[in-house]
Student: 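Provided herewith is a single structure, encoded as structure tokens, for subsequent inquiry.
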Amino acid sequence: MNDLKTIRGMPDLYGENIEAISMVEKICLKTFKSFNYQEFRTPVLENKSLFDRSVGESSDIMQKEVYEFKDRKDELLCLRPEGTAGLVRALITNGLDNDEIKKFYYLGPMFRYERPQKGRKRQFFQAGVELIGDESSDADIEIILIANTILKKLNIKSKLQLNYLGDQESLEKYNEYLKEYLSGISDLPKYVMKNPIRALDSKDEGIKNKMSKAKSIKDFLNENQIEEFNKTKYKLDELEIDYSVNSRLVRGLDYYNGLVFEFLSDDLGAQNAILGGGRYDGLIKGLGGRDLPATGFALGIDRLADIIELLSIERDLFIGCVDKKSRTYAQALGYKIRKNNNSLIVENYLGNANVGKQLKKADSQGFKFAIIVGQDELKSKTLKLKNLREDKPDLELKEKDFLEHFEC
RNA sequence: GUGGGUGUAGCUCAGUUGGUUAGAGCGCCGGUUUGUGGCACCGGAGGCCGAGGGUUCAAAUCCCUUCAUCCACCCCA
């Protein structure tokens with residue numbers, strides 16, 4: 001009995017659920033390709049240490065959300081909790097960390113051991129892009145454009161929030177300042193002790209109060225950085241992309257610096273982040289590669305799938321039949337049509353329902369056209385094409401004309 | 001990991017103070033119509049009432065445990 005259950009937070013996906021997910025994936029792929037990004041597919045399993053060194057040992061993700069286990073040779077592995085670390089690892093592993101600017105996208109399942117709720121599963125799907133080797137704000141703008149394009153195509157309402165974290169140096173200074181500033185508070189959470197910047201978006205009342213009077217990260221940026229951020233904002237204005245600056249926005253993964261951003265939706269309850277990303281200039285070097293700047297984002301496919309309006313599927317031709325002989329012919333006919341025009345959705349009905357029921361089914365399943373094959377059709381070699389969507393008389397067609405009608 | 005809500009047919013949900021054979025709508029299969037749709041009518045299949053234990057003459061109903069799911073915290077995409 002127990003062995004027939006799915007693992008918590010990892011539901012079987014079928015029907016409308018998977019329709020919506022497929023739809024989101026399709027739009028993502030189309031958009032990535034239109035920006036000329038190349039696919040990168042890395043393994044679902046990695047050494048756990050990879051994520052400790054990138055996502056950050058002190059982060060919640062690594063502290064309590066990783067599926068980790070030892071394999072048969074006692075290697076400590078984990079199911080990947082996010083996509084960037086694996087891709088960066090792969091760049092280094094394969095010697096791709098050279099000076100050429102590279103643009104990659106990925107798509108696949110990620111795993112986090114969290115308590116499931118709406119918009120939060122233990123196995124979930126992310127798609128993302130990584131733009132490697134360009135340190136300019138143009139690179140940041142490019143990925144925001146990709147993100148914006150996808151959300152527009154999916155007709156999703158969302159708000160873009162930005163923040164600028166500076167570089168390693170300014171971040172470090174700010175962290176030091178915060179550490180000192182917050183030192184008055186007793187029982188500071190560990191994640192704040194290790195990475196004080198996390199206090200920025202803390203919801204703990206004590207920390208919140210104290211933080212309301214703390215210096216902003218802006219005060220630690222040098223002129224160059226302020227200018228970079230201004231450039232980015234200016235370019236977004238020019239492109240007429242709405243945004244707001246949220247100086248408390250920090251990301252849960254330790255490798256971020258420079259520009260960070262999130263797209264938020266009101267339709268998902270507490271899990272309101274549908275897409276998030278930013279710059280991670282130190283990560284490639286930090287993992288042992290060359291010192292290359294990089295920027296990217298990831299989006300939650302399931303989260304987007306949860307809020308899109310699913311379009312009803314248009315199917316093209318329903319081929320019904322009345323007995324076994326005609327079914328054989330119908331099947332051959334369907335094969336010919338699909339072979340010559342593979343964009344058509346053609347159903348060969350295999351059941352024994354009467355003609356009325358078959359047409360009813362064809363109609364309710366959204367088919368545009370239907371034919372029924374029987375003895376009459378086999379004898380006369382003509383097919384009666386019914387238009388189920390428009391009120392037009394049936395067309396009587398010879399097989400050749402019939403195929404032509406479907407552009408075969 | 002913490003707090004709360006909910007688990008009954010494929011789906012959405014009724015089910016009285018515990019009472020004998022657990023229901024509806026949609027969907028599915030079949031018929032009215034041995035070959036022509038959108039409608040209607042008739043019939044049928046499908047349930048260990050999430051799982052395990054307990055109380056009772058008797059449990060979908062009460063109690064305990066557990067699992068799943070949803071909401072909030074937390075975290076993030």
Side-chain angles (χ1 to χ4, degrees), chain A residues 1-12 14-17 24 28 55 59-65 81-84 107-128 147 151 158 189 191 198 201-205 249-253 256 261-265 268-278 296-307 318 320-323 326 351-378 384-391 394:
Chain A
M1 204 64 92
N2 214 3
D3 56 352
L4 292 180
K5 281 185 169 178
T6 53
I7 306 302
R8 181 173 166 128
M10 305 190 183
D12 296 321
Y14 61 95
E16 285 192 0
N17 290 333
V24 173
C28 287
V55 174
S59 68
D60 265 39
I61 293 178
M62 295 315 291
Q63 283 290 311
K64 48 189 192 188
E65 296 178 6
E82 59 102 46
T84 299
L107 188 155
M110 307 294 163
F111 304 84
R112 288 184 202 171
Y113 193 90
E114 297 181 272
R115 187 124 171 202
Q117 65 183 72
K118 195 165 197 71
R120 191 165 84 180
K121 303 277 175 282
R122 287 183 171 186
Q123 177 182 92
F124 56 102
F125 300 92
Q126 282 191 344
L151 297 175
S158 63
Y191 69 91
R198 308 264 355 163
D201 64 347
S202 173
K203 281 162 195 158
D204 180 283
E205 280 304 319
L249 174 66
V250 287
R251 320 248 332 123
L253 292 72
Y256 284 107
F261 60 93
E262 277 181 5
F263 283 82
L264 306 175
S265 163
L268 269 169
Q271 315 308 322
N272 63 351
I274 51 176
L275 185 153
F297 72 74
L299 61 83
I301 292 173
D302 324 57
R303 285 187 184 177
L304 294 181
D306 269 356
I307 55 180
F318 180 96
C321 56
V322 298
D323 56 27
S326 55
N352 297 311
N354 65 39
V355 173
K357 286 279 160 71
Q358 290 188 36
L359 286 169
K360 197 171 168 182
K361 187 185 280 288
D363 187 55
S364 69
Q365 289 188 0
F367 284 90
K368 284 189 253 182
F369 297 98
I371 54 168
I372 304 291
V373 181
Q375 292 307 309
D376 297 350
E377 283 77 9
L378 292 183
K384 243 186 260 176
L385 181 67
K386 297 184 80 69
N387 189 325
L388 300 176
R389 290 282 156 271
E390 295 165 57
D391 200 13
D394 300 352

Student: Quick one: list whatever passes side-chain hydrogen bond (donor to acceptor under 3.5 Å, both in side chains) with A:Asp394, sequence neighbours left out.
Tutor: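 With sequence neighbours excluded, A:Asp394 shows a side-chain hydrogen bond (donor to acceptor under 3.5 Å, both in side chains) to A:Lys386, given in chain and number order.
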Student: How would you label the contact of A:Leu253 with the nucleic acid (heavy atoms, under 4.0 Å): base, sugar-phosphate, or nothing?
Tutor: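 Result for A:Leu253 = sugar-phosphate.
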Student: Answer yes or no: side-chain N or O of A:Arg303 and base N or O of B:C76 forming a donor-acceptor pair under 3.5 Å.
Tutor: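 Flag set: donor-acceptor pair detected.
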Student: Heavy atoms only: give me the nearest A:Ser158-A:Leu151 pair and the separation to one decimal.
Tutor: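 Taking every non-hydrogen atom into account, OG-CD1, 3.6 Å.
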Student: Send over the distance from A:Leu4 CG to B:C48 P, rounded to a whole Å.
Tutor: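 Value for this atom pair: 12 Å.
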Student: Is a donor-acceptor contact shorter than 3.5 angstrom present between the side chain of A:Lys357 and the base of B:G31?
Tutor: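 Donor-acceptor pair under 3.5 Å: yes.
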Student: From C-beta outward on A:Asp60, which listed nucleotide comes closest to its side chain: B:C74, B:U36, B:A77?
Tutor: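 Ranking B:C74, B:U36, B:A77 by closest atom to the A:Asp60 side chain puts B:C74 first.
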Student: Between P on B:G38 and CD on A:Gln365, what's the gap in Å once rounded to a whole number?
Tutor: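 My rounded result for the distance is 15 Å.
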Student: Distance between the C1' atoms of B:U66 and B:U6, in whole angstroms?
Tutor: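 These two C1' atoms come out 16 Å apart once rounded.
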Student: Check the distance between B:C76's C1' and A:Leu299's CG and give it to me in whole angstrom.
Tutor: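 Roughly 13 Å, once rounded to whole Å.
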Student: Side chains of residues 371-378 of chain A: which donor-acceptor pairs under 3.5 Å do they make with residues two or more places apart or in other chains?
Tutor:
unit_1: A:Gln375; atom_1: NE2; unit_2: A:Asp323; atom_2: OD2; d: 2.8
unit_1: A:Glu377; atom_1: OE1; unit_2: A:Gly374; atom_2: N; d: 3.0

Student: Of the nucleotides B:G37, B:C70, B:C67, which one has an atom closest to the side chain of A:Arg115?
Tutor: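 Comparing B:G37, B:C70, B:C67 against the side chain of A:Arg115, the answer is B:C70.
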Student: It should be established whether A:Arg8 places a side-chain nitrogen or oxygen under 4.0 Å from OP1 or OP2 of nucleotide B:A68.
Tutor: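 Yes, within the criterion.
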Student: Using a heavy-atom cut-off of under 4.0 Å over every strand shown, decide if A:Ala298 touches base, sugar-phosphate, or nothing.
Tutor: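 The answer is sugar-phosphate, as A:Ala298 gets under 4.0 Å only of primed atoms, P, OP1 or OP2.
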Student: Among residues at least two apart in sequence or on other chains, which ones pass side-chain hydrogen bond (donor to acceptor under 3.5 Å, both in side chains) with A:Glu390?
Tutor: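 A:Glu390: side-chain hydrogen bond (donor to acceptor under 3.5 Å, both in side chains) contacts with A:Lys392.
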Student: Is any side-chain nitrogen or oxygen of A:Asn354 closer than 4.0 Å to OP1 or OP2 of B:G31?
Tutor: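 Answer yes for this pair, as a side-chain N or O of A:Asn354 is under 4.0 Å from OP1 or OP2.
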Student: Can you tell whether the side chains of A:Arg389 and A:Asp363 come within less than 4.0 Å, N to carboxylate O?
Tutor: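 Looking at A:Arg389 and A:Asp363, the cut-off is met.
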Student: Quickly work out the A:Glu82 CD to B:C76 P distance and round it to whole Å.
Tutor: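 Between P of B:C76 and CD of A:Glu82: 12 Å.
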Student: Contact between A:Gln271 and A:Lys118 at the side-chain level, heavy atoms closer than 4.5 Å - yes or no?
Tutor: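 They are not in contact (no side-chain heavy atoms under 4.5 Å apart), so the answer is no.
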Student: Less than 4.0 angstrom from a charged side-chain N to a carboxylate O is my criterion; do A:Glu262 and A:Arg251 meet it?
Tutor: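 Result for this pair is yes, salt bridge flagged.
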Student: On RNA chain B, does the nearest nucleotide to A:Ala353 precede the nearest nucleotide to A:Phe125 from the 5' side, or the other way round? Give the residue.
Tutor: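 This one resolves to A:Ala353.
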Student: Would you say a side-chain N or O of A:Arg251 is under 4.0 Å from OP1 or OP2 of B:A77?
Tutor: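 Result: yes.
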Student: Using the C1' atom as the reference point in each nucleotide, state the distance between B:G43 and B:C49 in Å, no decimals.
Tutor: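 Approximately 26 Å lies between the C1' atom of B:G43 and that of B:C49.
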Student: Can you figure out which of B:A77, B:G37, B:U69 approaches the side chain of A:Lys386 most closely?
Tutor: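 In terms of side-chain proximity for A:Lys386, the closest of B:A77, B:G37, B:U69 is B:G37.
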Student: Rounded to whole angstrom, note down the P distance from B:C70 over to B:A24.
Tutor: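 Between the two P atoms, the distance is 29 Å.
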Student: Look at the side-chain N and O atoms of A:Gln271 and state whether any lies under 4.0 Å from the OP1 or OP2 oxygen of B:A77.
Tutor: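 A:Gln271 to B:A77 OP1/OP2: no side-chain N or O under 4.0 Å.
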Student: With side chains defined as the heavy atoms from C-beta onward, is the minimum distance between A:Pro81 and A:Met110 less than 4.5 Å?
Tutor: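 Result no, sub-4.5 Å side-chain heavy-atom pair not found.
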Student: Starting the side chain at C-beta, find the nucleotide from B:A77, B:A72, B:U36 nearest to A:Leu275.
Tutor: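 Ranking B:A77, B:A72, B:U36 by closest atom to the A:Leu275 side chain puts B:A77 first.
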Student: Kindly write out the residues that satisfy salt bridge (charged side-chain N to carboxylate O under 4.0 Å, His left out) with A:Arg122, not counting sequence neighbours, or none if the list is empty.
Tutor: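 In terms of salt bridge (charged side-chain N to carboxylate O under 4.0 Å, His left out), with neighbours along the sequence ignored, A:Arg122 is linked to no residue.
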Student: Is there a side-chain contact between A:Phe369 and A:Leu388, using heavy atoms and a 4.5 Å cut-off?
Tutor: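 A side-chain contact under 4.5 Å is absent here.
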Student: How long is the line joining CD of A:Glu114 and P of B:C75, in whole Å?
Tutor: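 Between P of B:C75 and CD of A:Glu114: 11 Å.
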Student: Could you check which of B:U69, B:A72, B:A77 has an atom nearest any side-chain atom of A:Arg112?
Tutor: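 So the nucleotide nearest the side chain must be B:A77.
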Student: Just how far, in rounded Å, is P of B:C76 from CG of A:Leu249?
Tutor: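 In whole Å, B:C76 P lies 11 Å from A:Leu249 CG.
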Student: What distance, rounded to whole Å, do you find between the two C1' atoms, one in B:A14 and one in B:C74?
Tutor: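 Result for the C1' pair: 37 Å, nearest Å.
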Student: Can you tell which of B:C70, B:U36, B:A77 lies closest to the side chain of A:Lys118?
Tutor: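 Closest nucleotide to the A:Lys118 side chain: B:C70.
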Student: Could you report the tightest heavy-atom contact between A:Gly320 and A:Gln358, atom names first, then the distance?
Tutor: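 Heavy atoms of A:Gly320 and A:Gln358 come nearest at CA-OE1, 3.0 Å.
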Student: Remember a base hit wins even if backbone is also touched, and classify A:Phe297 as base, sugar-phosphate or nothing at under 4.0 Å, heavy atoms.
Tutor: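 The residue A:Phe297 makes no contact with any strand.
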Student: With a cut-off of less than 4.0 Å, is there a side-chain N or O of A:Lys361 near OP1 or OP2 of B:U36?
Tutor: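 False: A:Lys361 side-chain N/O out of range (4.0 Å or more) of B:U36 OP1/OP2.
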Student: Does the side chain of A:Val24 reach to within under 4.5 Å of the side chain of A:Phe125, using non-hydrogen atoms?
Tutor: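 The answer is no, as the side chains (C-beta and beyond) never meet within the 4.5 Å cut-off.
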Student: Side chain of A:Asn272 only, please: which of B:C76, B:G1, B:G37 is the nearest?
Tutor: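 Looking only at side-chain atoms, A:Asn272 lies closest to B:C76.
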Student: What nucleotide, of B:A77, B:C75, B:G37, holds the atom closest to the side chain of A:Gln126?
Tutor: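 Minimum distance to the A:Gln126 side chain belongs to B:A77.
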Student: Does anything in residues 366-378 of chain A reach RNA chain B, meaning a heavy atom under 4.0 Å, and if so which residues?
Tutor: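 Contacts with RNA chain B under 4.0 Å: A:Ile372, A:Gly374, A:Gln375, A:Asp376, A:Glu377.
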Student: At 4.0 Å (heavy atoms only), tell me whether A:Gly9 reaches a base, stays on the sugar-phosphate, or touches nothing.
Tutor: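 Sugar-phosphate contact only.
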Student: Would you indicate which nucleotide in B:A77, B:G35, B:G31 comes nearest to any side-chain atom of A:Val355?
Tutor: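 Looking only at side-chain atoms, A:Val355 lies closest to B:G35.
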Student: Would you indicate what A:Ile274 reaches in the nucleic acid, counting non-hydrogen atoms under 4.0 angstrom: base, sugar-phosphate, or nothing?
Tutor: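 Sugar-phosphate: the residue A:Ile274, judged by heavy atoms under 4.0 Å, touches backbone atoms but no base.
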Student: For the residue pair A:Glu65 and A:Phe111, establish whether any side-chain heavy-atom pair is separated by less than 4.5 Å.
Tutor: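 No, side chains not in contact.
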Student: Could you check A:Gly119 against A:Asp391 and say which one's nearest nucleotide on RNA chain B is further toward the 5' end?
Tutor: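 This one resolves to A:Asp391.
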Student: Requiring both pairing distances under 3.5 angstrom, list the stems that contain RNA chain B and are made of three or more consecutive Watson-Crick or G-U pairs.
Tutor: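 Stem list for RNA chain B: B:1-7 with B:67-73, B:10-13 with B:23-26, B:28-32 with B:40-44, B:50-54 with B:62-66.
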Student: Report the nucleotide, chosen from B:C76, B:G50, B:C75, that has the shortest atom-to-atom distance to any side-chain atom of A:Ala273.
Tutor: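 Taking heavy atoms from C-beta onward, the closest nucleotide is B:C76.
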Student: What's the NZ-C1' distance between A:Lys360 and B:U32, to the nearest Å?
Tutor: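 Result: 12 Å.
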Student: Please measure how far the P atom in B:C64 lies from the corresponding atom in B:G4, and state the result in whole Å.
Tutor: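 Roughly 13 Å separates the two P atoms.
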Student: Just how far, in rounded Å, is C1' of B:G10 from CG of A:Asp12?
Tutor: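 So the two atoms are 14 Å apart, to the nearest Å.
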